[in-house]
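Hydrogens, waters and symmetry mates play no part in the numbers below; they use all other heavy atoms, side chains included.
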Protein chains: 2
Amino acid sequence: MSRIQQKNRDLILQGALQAFSTHGLRGATIDQIARAAGLSKPNVLYYFGSKDEIHKALLTTLLDMWLAPMQQIDPKGEPLVEVLSYVRAKLLMSRDYPRESRLFAHEILQGAPHLTEILGGGLREIVDRTVVVLERWMDEGRLARVEPRHLIFSIWSMTQHYADFETQVRAVLGAGRDPIDEGAVFLDDLYRKLLTP
Amino acid sequence: MSRIQQKNRDLILQGALQAFSTHGLRGATIDQIARAAGLSKPNVLYYFGSKDEIHKALLTTLLDMWLAPMQQIDPKGEPLVEVLSYVRAKLLMSRDYPRESRLFAHEILQGAPHLTEILGGGLREIVDRTVVVLERWMDEGRLARVEPRHLIFSIWSMTQHYADFETQVRAVLGAGRDPIDEGAVFLDDLYRKLLTP
DNA sequence: TGGAATATTGACCAAACGGTCAGGATCAAG
DNA sequence: CTTGATCCTGACCGTTTGGTCAATATTCCA
């Protein structure tokens, strides 16, 4: 792939992230993507054949990065530390990559038409592996016993909430407060109390 | 308002709920709404002047019902029972009204363009009133001290997660399990541990 | 029952949208 | 510098969409 290709594909994906994360797949237009990327509409379609193709490429590109924190849970580590680190990592992703969070939120809200194979396949395996680790820790009495998959849901929902529902969070908290800083303290406390044996 | 008006406005709002909750404001079409309502497109526009008007009417109609559970927290009740009842009520709304949940999720994801006045106004007041009650309970030592607004966020995010991300939840849990039944147990445990003084 | 008010629709319009294409501009290698 | 490959664009096309309107059907009530 040439230098120009590299650069423009990247610009397009950046623009698409901006557009799709705020308006969703159907709501975003190729024109918006092109404008956000600083390219003309036909030029965007020169690199990606269709809007769906852009969307698919974007999801595929970002999925690994999105699931990475969970795979960094160390089965040999101290259970509480590992879980709290994971929570912290997910929370920081809501701060640093809120658009990515909203992109996936849109997709799943609509029934994940472009992610079904991943949701039923890779994601479930990754979760299953983590569940095994969590259950072992619980068996060993090093972590309080809770339903592990719902524990994971709780982490996902609460951390991503700060990105996906940012508008609401800011409206409720008012100006001058840092939602994620406060959230980090709250979540640390919450999971300590929930998971300390 | 005549009987026919009553019936058709209701049919339209029902159809709109179906369409908007799955595709969002821009993604849903008046045709979809009309089809879901069993009416013709011009007839839909006879009752509501535009797609935006339908959307606005729908949000306005549903907002009170959506916020009702929080206002039923009894300041004179037993703190832990009141909070756990609220959690349970919100969770049951995810089971009984998942489309309403997704409708609001779509709206807030896009920055709540049609809800800004409500988010900054009424919602904040309702939350503030609840926060006062929660803080009093904490001052009295009847509830463990946590940041009350983030406590509310956690309830919202975890309960609504079962509706908004249902596809993902089902993909991870697999068939034959009742996500919300299990979630009820998990959340009861979680908030007991978090809030017991 | 007659006629005014209300309800409904097919046909239509303009704008927005996804996508195509022929041809011109630019670049990289010999 | 030449030339072929890559890159880019204005103009265009068919479809979808939000919305209008004149004409028709239905309802309601004096």
Spell out protein contact along nucleotides 22-30 of chain C as letters: B when the base is contacted, S when just the sugar-phosphate is, - when no protein heavy atom is under 4.0 Å; keep the 5' to 3' order. ------S--

B:Lys51 side-chain N/O to B:Leu25 backbone N/O, donor-acceptor pair under 3.5 Å: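 Between the backbone of B:Leu25 and the side chain of B:Lys51 there is a qualifying donor-acceptor contact (under 3.5 Å).
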
What residues form a side chain to side chain contact (heavy atoms under 4.5 Å, CB included) with A:Ala105, not counting sequence neighbours?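 In terms of side chain to side chain contact (heavy atoms under 4.5 Å, CB included), with neighbours along the sequence ignored, A:Ala105 is linked to A:Asp164, B:Leu109, B:Phe165.
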
Kindly write out the residues that satisfy side chain to side chain contact (heavy atoms under 4.5 Å, CB included) with B:Asp96, not counting sequence neighbours, or none if the list is empty.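 Side chain to side chain contact (heavy atoms under 4.5 Å, CB included) list for B:Asp96, sorted by chain: B:Leu92.
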
Can you tell me if the side-chain N/O atoms of [X] get under 4.0 Å from OP1 or OP2 in [N]?
{"X": "B:Asn8", "N": "C:dT8", "result": "yes"}
{"X": "B:Ser40", "N": "C:dT9", "result": "yes"}
{"X": "B:Gln5", "N": "C:dA7", "result": "yes"}
{"X": "B:Asn43", "N": "C:dA7", "result": "no"}

Heavy-atom pair of closest approach, residues B:Thr29 and A:Arg26: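 Heavy atoms of B:Thr29 and A:Arg26 come nearest at CG2-NH2, 3.9 Å.
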
Indicate whether any N or O donor in one side chain lies under 3.5 Å from an N or O acceptor in the other, for B:Ser101 and B:Tyr162.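 Distance-only check fails for B:Ser101 and B:Tyr162.
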
Would you give me the side-chain donor-acceptor pairs under 3.5 Å for residues 123-135 of chain A, sequence neighbours excluded?
residue: A:Asp128; atom: OD1; partner: A:Arg149; partner atom: NH1; Å: 2.6
residue: A:Thr130; atom: OG1; partner: A:Ile126; partner atom: O; Å: 3.1

Applying side chain to side chain donor-acceptor pair (under 3.5 Å), can you list everything that pairs with A:Asn43, at least two apart in sequence or on another chain?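 Scan of A:Asn43 (side chain to side chain donor-acceptor pair (under 3.5 Å), adjacent residues dropped) gives none.
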
Does A:Phe48 reach a base, just sugar-phosphate, or nothing at all? Heavy atoms under 4.0 Å.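 Here A:Phe48 touches no strand at all.
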
Could you give the distance from CD1 (B:Ile30) to NZ (B:Lys41), rounded to the nearest 0.5 Å?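 Answer rounded to 0.5 Å: 6.5 Å.
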
Of the nucleotides D:dC8, D:dG19, C:dT9, which one has an atom closest to the side chain of B:Pro42?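 Of the candidates, C:dT9 comes closest.
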
Nucleotide nearest B:Tyr46 (side chain, heavy atoms from C-beta), chosen from D:dT6, C:dT8, C:dG19: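 Nearest nucleotide to the side chain: C:dT8.
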
Mapping B:Ser2 and B:Lys51 to their closest nucleotides on DNA chain D, which lands nearer the 5' end?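 It is B:Lys51, whose closest nucleotide lies nearer the 5' terminus.
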
Give, ordered by number, those residues of residues 21-31 of chain A having at least one heavy-atom distance below 4.0 Å to an atom of DNA chain D; if nothing qualifies, reply none.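 By residue number: A:Arg26.
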
Working for salt bridge (Lys or Arg N to Asp or Glu O under 4.0 Å), residues A:Arg177 and B:Glu147: CA-CA 13 Å; A:Arg177 296 176 65 168; B:Glu147 213 295 319; 3.1 Å; yes

